[in-house]
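Labels below follow one simple rule: chain letters A, B, ... track the order of the sequence lines, proteins then strands, and each chain is numbered from 1. Hydrogens, waters and symmetry mates play no part in the numbers below; they use all other heavy atoms, side chains included. Since the structure is predicted, the reported quantities are computational estimates derived from the model, not experimental observations.
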Amino acid sequence: MSERYDHKAIEKKWQQRWQESQIFRAQEDLPAGKAGASKPKTYVLDMFPYPSGEGLHVGHPKGYIATDIYARFKRMQGHSVLHPMGWDAFGLPAENYAIKNKIHPAVAVEKNIANFKDQLAHIGFDYDWSREIKTTDPAFYKWTQWIFLQLYKKGLAFQSDEPINWCPSCKTGLANEDLNGNVCERCDTVVEKKRLPQWVLKITDYADRMLHDLDHLQWPEHIKEAQRNWIGRSEGAEIEFIVPRFKEILLASSNESKRARAEKLFKASGLDIKVHTPKSLGLTEIEADENGTLAENAEAKARAYSGKTSLPVLAIDTGFAIEGEDLDLARPKRNALGGIDENSLSQDEVGEKMLKFYQGIAKKHGGRVLAHWIDALALVLPDGSVERAEDSREVILTDIVHGEFDKFFPVRSLYISKTTGKPVKEETPEEEIKELEPMAWAQNELVSRPIKVFTTRPDTLFGASYMVLAPEHPFIPAMKASIENWDEVIAYISEASAKTEIDRTKEGKEKTGVELRGLKAINPANKEQIPLYVADYVLGGYGTGAIMAVPAHDERDFAFAKKFNLPVKKVIDQTKYLIFDFDGVIGDTLENALLAKVRMGFCRDREDAYQEMLTYANKKPVHIRNHTLSPEELQKEYDWTSRFGEEMRKQKIKLFDGFITEIRKLRNTKIAVVSSGSNLYVRSAVEQGKLSPTHVLCFEDNHSKEEKIERICKDWGVSVKDVYYFTDTKADVFELENFLSKERIFGCSWGFLGKEALESVLPKEQVLENFSDIHRVFENLHTDAGMLVESGSFDGLNSEDAKKKITEFVGGKMATTYKLKDWVFSRQRYWGEPIPIIHCPAHGAVAVPEDQLPVLLPEVEFYEPSGTGESPLANITEWVNTTCPTCGGPAKRETNTMPQWAGSSWYYLRFMDPRNDAALVGKDKEKYWAPVDVYVGGDHAVRHLIYARFWHKFLYDIGVVSTVEPFARLEFLGFILAEDGKKMSKRLGNVINPTEVVANYGADSFRIYEMFMGPFENTVAWNTASIAGTTRFIERVWRLAGEPLSEQPATVELEAILHQTAKKVGEDIEAFKFNTAVAQMMTCLNAMEKAEGIRAGQWKAFIRLLAPFAPHVAEELWERLGEPYSVHQAAWPQFDESKISSGTIKVAVQVNGKVRGSIELAQGDTEGEALAKARGAPGVAKWLVEGREVKALYVPGKIISFVVQ
RNA sequence: GCCGGGGUGGCGGAAUGGUAUACGCGCGCGACUCAAAAUCGCGUCUCGCAAGGGAUGAGGGUUCGAGUCCCUCCCCCGGCACCA
């Protein structure tokens, strides 16, 4: 075989043969035979491409090659493999392409698909084309529509006209996921908010499950993290703050005790409200003539009259609320209405009269009429809109219309029935009546307005010193009448809404905002009145659109507070205590005493210190650990510690120095020293200013050292009250426990006594044993958590506990919010699946009956978007006009279409059963193939995957699929950049066409090159010059195939390499480490070229290993070896673990950590033999004689290591 | 800012805590050739004549032994980003 490898001819030959023989057709090996011979299955899937007009560049096939290799590998391992391909052909890009090139999108898509398929064909993929699908095929989108209908039936698809993102360039609404920040991801146009009727899918219902199930998926961490980010779950609490509406309130009753009681109750809720009674104001009746002219009155400008009680209802300055459900309506006196007898008139007629009366007053008195006059009325504002009167006390009236009283006058009794819990009725017996809690008074709608906030830190509630509302918060217009600086506020709001979020961010996060003057909120925890602001750093779309601001414990709030000079109140003490038992580290042993002398600089070395101590011992007894030692005993002790204590000694010095270093890094940490104070190390550290203890804990069994401790405290600057004795007297234990009950305490000790003591009073996890623990606990802990201070009865609690307790205390509830928003599912474009809904004037939105699916996308001549927010389909009257499935009456079709992501959210299911007419996937087939075992792709990490997971979980819930997750394993594909390191694009002219590469270098070479470029998930620049390497590799294989095979027994070495290769290639393919698999095959080839001879079995094994990577050349060589077609159906080579090593092992020999030589070890060598060989090894012996050998280490198969001194 | 992943020759990159730089590209030298291409062989981190020494972003720690584990800092890539 001396001819050159003719890749063109050979590739063509086998590509044809594969197609004809259909060997890659996926076959369900259904366990129908039940003989138990069911093959394992593997479903390998690429993210199906959108067939763009640009065609494929070399980056696209990278993933396809990987799945192709994987699929071929699995097939050779005896799996039944599904490896399909299809087209994601709906969507904006296809439509925009069509508009630009003046081709119908359907035509363009067909053309592009043909082009793609042609390009793919040259690379030699094993796709099962019999299962090809495309999302634009009615037989496919019938089921996309079907899924939509199921969602609709379960209430998960609903209509909404909330403002959505509108791209003025693409002329369609977009989902949040379709944006980059605030610009359309397709055209970089800044999106606008537009109110359009939209279909929305309730993806948020699945947020928790999608989050939770991520943990079980074999996906790259960064993709899981992106999903978690996007779902953005945060746990916290919803808490209501109330904003009082009035400074003064008028009670309907003139009962003085009631008045005092009301005032007291308001006060208890933090409301500073003056309560009046008609009597206290000296008001009796309204005085106005029929023209609306009010009589002069120093305080009241009018009075009114009601069926039961005469009372004034016109405000003096600040407005009033009226209590009492028996109060109908504040009415003018009969003479003010022209002396009519109301009873002779109908209610409407009375209304007419009163309307005129009110209008008269409004006209005469500057048009200002205060609320209670008009609680029963609605206001027509200058712009024509109607507003509820009760919210508009200072609105200028141009007109007043009569309204339904009950609807507009929400009076609540301050008394409720004990049994029903409802406001009392007149006939309710006294003993049945229960007064509402103070808070309920305060929360009465007449008295206050609530603002709900979401916070993750309810534990900081006592530190909330102001509130901030998002500019779009509805509270602001609702309270317009009470806002003193309305002009300023409305100016800020309109400015903020004109700014895009990008602008907001660009402005360097400089905080802006405006106070809502005239309003105060009540902090529910401490009843303090706090100001309200509107500021754009609070987002309308997240949480409740309002926050409580805790500047002391939130960065953003802090920045804002600083700018607006707002109080910062610290309520979390982040100080942590570290209890440290120094005596435990440097205990009272001889060794430590000696070391202390050295460290203190009194002695040169240990020996020196000992001599000094010995001199001392000869004069006076030496005390060590409460023992008195004679000089002889001292000598004994010294010898003993010299022998056994060296290691310990070294360690202790390290420990102590290390500890001091670490502890000095700690901030917000108070250090309690456990010490009798005699320890020289501690003293030296304190004296050198390295350590500043704040507390001293004395673990002594009596107070005998009290005096000494106090002296030391003085030296150290520790207050005596911060000394705690730990003795067995109850009082002391109590005191210590008191100190230790602060949960920010950690103990650290290496001494037996100290450690035991600490463990007896601290939870085990708070007793630390080494520096890294200390560091972890003190630096990496959430710095925001801590112990509560200045928080009333909650002082001393830790953040975690306080969260629940404070939330409960203020009547809030624990809540969870998500960043994920419901999926805006309508597109005002032509090229998408029609939404199968019919709008009937009588029955509203009606689902198209399932037997009428698919709703075909009509043929049109003009498919350009209208730009008005109407779909182009709206103009096709013959399509739009239909009949209602419910009543048969005339109705209109929904004209919006689905987004591009619809089809791709379930297509992987269709591949399992692509031609099924009765179901989107047959149950048996689904059970056989699901889930996708390996899913390969890049990009789309968030959107496509989140949408598909959502739909899949829904399909699971309605019993269509049997797995909770669609993609068991995901492999992320790194992109290929152009040779210039930039993204490949037609515009930059740096696109490399795979068809050309294949033509020049061959498909197998191309495939191997793409796999060999680097780790699969890496983004690497294309380098045409480097393909030469893989081309050479293929050609060398070809050439070696021309050599005669050997009849000789295989050499151990070559056999070993082959088994290693079989092992590594298989493992690497499984792990998607194709680059190292290729490297191993190259190594193997190098070895085979150098070998004396290759046996037939070895060569055949190699060809099979190569087959998934280079299917054409492998197939050709396989045939030439006389083996039956096809190599891709041959069995994957097994390896023999015992043959992986070649009998002798080369082992390195280290001396003091440096490699000095290496030896050959035979399989059966014992440790002794190995060490003996190593000692005699060239280059090693010389290093061993130079020093005293103290340690010899043998790690079998790895290394021999000597330590010498 | 937060989260995730990284930082190793001229380049892409290899390395269960065990001889760093496998494999490939590029480059240099040589063989074959009239010559070129192709192919084959040898060499290719760095300082040093050598013995040896030094290098995996910087610094420190643990270990007989660290690219790999721990800590601090710097830089790059990706995601999120005023998310309460």
Is it true that the side chains of A/T1030 and A/Y1001 contain a donor and an acceptor less than 3.5 Å apart?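 No pair is found: no donor N or O on one side chain lies under 3.5 Å from an acceptor on the other.
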
Between the side-chain atoms of A/S1026 and the base atoms of B/C25, is any donor-acceptor pair under 3.5 Å?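 Answer no: no donor N or O sits under 3.5 Å from an acceptor.
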
Considering only heavy atoms and no angle criterion, is a donor-acceptor pair shorter than 3.5 Å present between the side chain of A/Q1150 and the base of B/G18?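 Donor-acceptor pair under 3.5 Å: yes.
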
My understanding is that a pair needs two contacts under 3.5 Å, Watson-Crick or G-U wobble. By that rule, which nucleotide pairs with [N]?
| N | answer |
| --- | --- |
| B/C34 | none |
| B/U68 | none |
| B/C25 | B/G10 |
| B/C80 | B/G1 |

Can you check whether A/F560 and A/F558 have ring centres sitting under 6.0 Å from each other?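 Ring-ring flag for A/F560/A/F558: false, centres at least 6.0 Å apart.
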
Near-ring test A/W1022/A/Y1009, centroid separation under 6.0 angstrom: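 Centroid distance A/Y1009-A/W1022: below 6.0 Å, so yes.
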
Checking all strands, does [X] fall into the base, sugar-phosphate, or nothing category for heavy-atom contacts under 4.0 angstrom?
| X | result |
| --- | --- |
| A/R1156 | sugar-phosphate |
| A/V1195 | base |
| A/K1154 | sugar-phosphate |
| A/T1076 | sugar-phosphate |

Which atom pairs link the protein and nucleotides 9-13 of chain B when you take only N or O atoms and keep those under 3.5 Å?
| from | atom 1 | to | atom 2 | distance (Å) |
| --- | --- | --- | --- | --- |
| B/G12 | O2' | A/M1013 | O | 2.1 |
| B/G13 | OP1 | A/N1018 | ND2 | 3.0 |

Partners of A/K1154 by side-chain hydrogen bond (donor to acceptor under 3.5 Å, both in side chains), sequence neighbours excluded?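 Result, side-chain hydrogen bond (donor to acceptor under 3.5 Å, both in side chains) vs A/K1154: none returned.
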
Considering residues at least two apart in sequence or located in another chain, which fulfil the salt bridge (charged side-chain N to carboxylate O under 4.0 Å, His left out) criterion with A/K563?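 Only A/E510 meet the salt bridge (charged side-chain N to carboxylate O under 4.0 Å, His left out) criterion with A/K563.
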
Inter-nucleotide C1' distance (B/A81, B/G61), Å rounded: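 Taking atom C1' in both B/A81 and B/G61, they lie 35 Å apart.
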
Got a sec, which pairs hit salt bridge (charged side-chain N to carboxylate O under 4.0 Å, His left out) with one end in residues 1076-1091 of chain A, sequence neighbours left out?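 Counting only pairs at least two positions apart or across chains, the salt bridge (charged side-chain N to carboxylate O under 4.0 Å, His left out) contacts touching residues 1076-1091 of chain A are A/R1036-A/E1089.
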
Pairs involving residues 1011-1029 of chain A, ordered by first then second residue, that meet salt bridge (charged side-chain N to carboxylate O under 4.0 Å, His left out) (sequence neighbours left out):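 Output for this query is empty, none listed.
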
Side-chain N or O of A/R1039 less than 4.0 angstrom from OP1 or OP2 on B/C40?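 Answer yes for this pair, as a side-chain N or O of A/R1039 is under 4.0 Å from OP1 or OP2.
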
Please state whether the phosphate of B/C25, meaning OP1 or OP2, lies under 4.0 angstrom from any side-chain nitrogen or oxygen of A/R1032.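 For B/C25, OP1 or OP2 has a side-chain N or O of A/R1032 closer than 4.0 Å.
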
Which residues in residues 812-820 of chain A have at least one heavy atom lying under 4.0 Å from any atom of RNA chain B?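 Within this stretch, A/K819 sit under 4.0 Å of the strand.
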
